[in-house]
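Right, one structure below, let's go through it.
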Amino acid sequence: MPLRKKGRYRYGDGPEDIRTEVERYSKSNAYPATRFAASACACGHHVFSLESDEEAGAARRICTACGHVHLMGDSADYADEAEFGAHSCVCGEEAFELLSGVALYADSNDVRWLYIGCRCTQCSLVGVFADWKSESGDADAFLAAV
Ligand SMILES: [Zn+2]
Ligand SMILES: [Zn+2]
């Protein structure tokens, strides 16, 4: 399904649509995301509230089913200095499906830039809610921890 556009917002139906939006956004940021991973809680649920500090380079997701708090990617390394702010959708909802994308350095598997894509569970808005330059190394290890 193609993304639906209303004004400056885009709406979609699932992880594929989040990926499409992360690809679009990241291209306009000059570091295109080429690898992606969706977030899932250890309890099996995949809807979260999201808090981040782009300055510090840290994000955490809180499972809306079991309340488990997970520091995403390499965020544990930066969480001490982070001042986490909660994200909410333009519709007011704070529960999202998450799909992260990373841009890599040329001819390597090392992360260069992180994009956190979200889809609102209430109104289906998709967007990149946070992104920053990341030097966390191996993309496989990083994406396994989003
Ligand atoms: Zn959970
Ligand atoms: Zn919404």
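Every number for a ligand or one of its atoms is a count from 1 in the order of the listing.
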At a cut-off of 2.8 Å, protein N/O/S around the Zn ion (ligand 2) gives Cys89 SG, Cys91 SG, Cys120 SG, Cys123 SG
Practice prompt. Output yes if His68 passes the N/O/S-under-2.8 Å test against the Zn ion (ligand 1); output no otherwise.
Written response: no
**Q.** Salt bridge flag under 4.0 Å for residues Lys27 and Glu23
**A.** no
Discussion item. I'd like to know: is the Zn ion (ligand 1) within the 2.8 Å range of an N/O/S atom from His45, strictly under that distance?
Written reply: no
On the six-membered ring of Tyr11, is Lys5 placed so that its NZ or CZ lies under 6.0 angstrom from the centre and within 45° of the ring axis? no
ask   = Would you call Asp17 and Arg4 a salt bridge, using N to O less than 4.0 angstrom?
value = no
**Prompt:** Taking atom types as modelled, is there a side-chain donor on His46 or Ser39 under 3.5 Å from an acceptor on the other?
**Reply:** no
task = Give a yes-or-no answer on whether the side chains of Tyr115 and Asn29 include a donor-acceptor pair shorter than 3.5 Å.
result = yes
Discussion item. Do Arg119 and Phe96 form a cation-pi contact, if we require the NZ or CZ to be under 6.0 Å from the six-membered ring centre and within 45 degrees of the ring's axis?
Written reply: no
Side-chain ion pair, Lys133 and Glu135, N-O less than 4.0 Å: yes
Note: SG(Cys41)-the Zn ion (ligand 1)-SG(Cys43) angle, rounded to 10 degrees, equals 110°
